[in-house]
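All values below come from the heavy atoms of this structure, side chains included, with hydrogens, waters and symmetry mates left out.
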2 protein chains.
Amino acid sequence: MVKVVAEGRDGVLSRAVAILRALAAAGPEGLRLSDIADAAGLPKPTALRFLRNLQGEGLVEDGPSGRSYRLGLDLFCLAARAGNPSNLRDLGRPAMLRVAAAFEDTVFLLVRSGYDAVLIDRSEGVLPVRSLTGDIGGKVPLGLGQGSTAILASLPAGEQEEVVRHNLSLIRERGGLDEAALRAALLDTARKGYCDVANGLIPGSSGLAVPIRDRTGQVVAALSIGTTLERLTPERRAAMAEMLQREAAAIGDASNPFDPALRRPGASLQGSG
Amino acid sequence: MVKVVAEGRDGVLSRAVAILRALAAAGPEGLRLSDIADAAGLPKPTALRFLRNLQGEGLVEDGPSGRSYRLGLDLFCLAARAGNPSNLRDLGRPAMLRVAAAFEDTVFLLVRSGYDAVLIDRSEGVLPVRSLTGDIGGKVPLGLGQGSTAILASLPAGEQEEVVRHNLSLIRERGGLDEAALRAALLDTARKGYCDVANGLIPGSSGLAVPIRDRTGQVVAALSIGTTLERLTPERRAAMAEMLQREAAAIGDASNPFDPALRRPGASLQGSG
DNA sequence: ATAAAAGTTCCATTTAATGAAAACAGGTGC
DNA sequence: GCACCTGTTTTCATTAAATGGAACTTTTAT
């Protein structure tokens, strides 16, 4: 059971969001009232009232098992237009399609969010590649996986150090690199301009990624290719790296350099994953 | 300016959601306080308080223009796990990839939501096809476009009639079929088992779609291919229809037949599109 | 059949939301 | 440089609305 109690915070909104987060953590089967009340740290009557209101708004719907609740379709529709900072998703879409078409491998677009990277778009290649972020909307700590590492490697030294310190244990927990290997990878990435994961967490999986910078030079996102070890021949690797860098530069040039959300961690640092 | 006033409803939640809907309707540039207050029908101080709270939760973030607000990344992450009724998105993913790989055209997965169909997943083909729903999370009235029409054609007679009456004007407004043509298309779709749009709204665009039924026979979704007129040769059309039907049947067999969200319109009927 | 657990309703209490008014910031034109 | 306008923010007395304990009902397990 994942606890999503709105600790410290108060207000109706925090409680409602706590319920939504509990439901988000629960998958498509949904959660029963008691579980929700427990997870959100609310008395059952209160949780019930909230669920009814949320249901009235379409943000929550009845689960498959009758006596359960889950996130509703309306929430999905509502949020589909979010997660597009500086219009990055729209700007990146054509580039992603071009890269996917050129190499027939899966392409990912990740943006930074505090200590994490969030997958905001994906374009499938010929073979289905599972990404570390899971589905679109998923988070990985910066430093785990090629896209995420490409972002981390391009941060200013002080910020990079802070993130490394914060994320190291999380990265280890999830089977990523240890400190020495990570620091080596960061240097290598910074030197070459792209991150190269020869043989990733899933045996045989490999990938390449480049940072995307806005016109001020700030790293805001990463463009990443996921493929397999055997498909990543030296010739293809070189061609991929070249194309990724070209496309990333084009995206960066088109992006708005004055976007506060892409600057510093800010308020939304309590990364849940 | 799109008004999203929480008419009739009350409670803190409705107001917060009204603000989110206003922001969702506004695109990535965001909205200023006054516009939000206006759109949500709230006094400015109240709107401001809500925005601050929502920002604290990560559901809203500062827009690019400094003095503006837009939907936040956290909302995107939160809702990414929604919009998966009966696990349909997960169940459909492999089928979509197979179809996309087989024909190299774009594949769509739509679910019904009241009088609308919502695009919940997409797999890109070799040429980018713009769908009527816009992006993932977008809505179209049932009866506009092949996927949406495949669903409508498969509804029980009474329900179909209700939806047709409700949607006809909306469909016309958006350049769709008139009543006679729509009814002919519905009959044709029901007879053949798939919906065939020879030359769609965008000149030259064409598509095929089949309904997805759960094990009780209820239509719950549609699997759709978007392509161009010249790529839709008779041979390919036959092969596509056959494969779509096969894959749709497989998805339907795997889906949970006791899912309340997929039964009737229910409470979330105030379709905004 | 019985017990235990989950869900639901009720309502007196209290907290927290509300929004008018007023102060404040930041442009624009004179 | 000053007055003006528009949009934003703070304050605070008022009031409405959220709260959750206790009691009751339904469902599930034994």
Rounded off to whole Å, could you give me the [atom1]-to-[atom2] distance for the [X] and [N] pair?
| X | N | atom1 | atom2 | answer |
| --- | --- | --- | --- | --- |
| B/F50 | C/dG19 | CZ | P | 9 Å |
| A/L33 | C/dG7 | CG | P | 5 Å |
| B/L13 | C/dT18 | CG | P | 11 Å |
| A/L48 | D/dA18 | CG | P | 14 Å |
| A/L51 | C/dT8 | CG | C1' | 13 Å |
| A/K44 | D/dT25 | NZ | P | 16 Å |
| A/R32 | C/dT8 | CZ | P | 12 Å |
| B/L31 | D/dG7 | CG | P | 13 Å |

- Query: Is it true that A/R70 and A/E61 have a side-chain N and a carboxylate O under 4.0 angstrom from each other?
  - Reply: yes
- Query: Is B/E57 salt-bridged to B/R52, going by a charged N under 4.0 Å from an acidic O?
  - Reply: no
Does [N] have its OP1 or OP2 closer than 4.0 Å to a side-chain nitrogen or oxygen of [X]?
| X | N | value |
| --- | --- | --- |
| B/S34 | D/dG7 | no |
| B/T46 | C/dT18 | no |
| B/R49 | C/dA17 | no |
| A/R15 | D/dT19 | yes |
| A/R52 | C/dT9 | yes |

- Taking all atoms of both residues into account, what is the closest heavy-atom pair of B/A248 and B/P211, and its distance? CB-O, 3.7 Å
- Indicate whether any N or O donor in one side chain lies under 3.5 Å from an N or O acceptor in the other, for B/Q55 and B/D62. yes
- Query: Taking the side chain as C-beta and beyond, is there a heavy-atom pair between A/R21 and B/D74 under 4.5 Å?
  - Reply: yes
- Message: Regarding A/P45, tell me which of base, sugar-phosphate or nothing describes its non-hydrogen contacts under 4.0 Å with the strands shown.
- Response: base
- Closest nucleotide of DNA chain C for B/V12 versus for A/Y69: which of these residues is on the 5' side? A/Y69
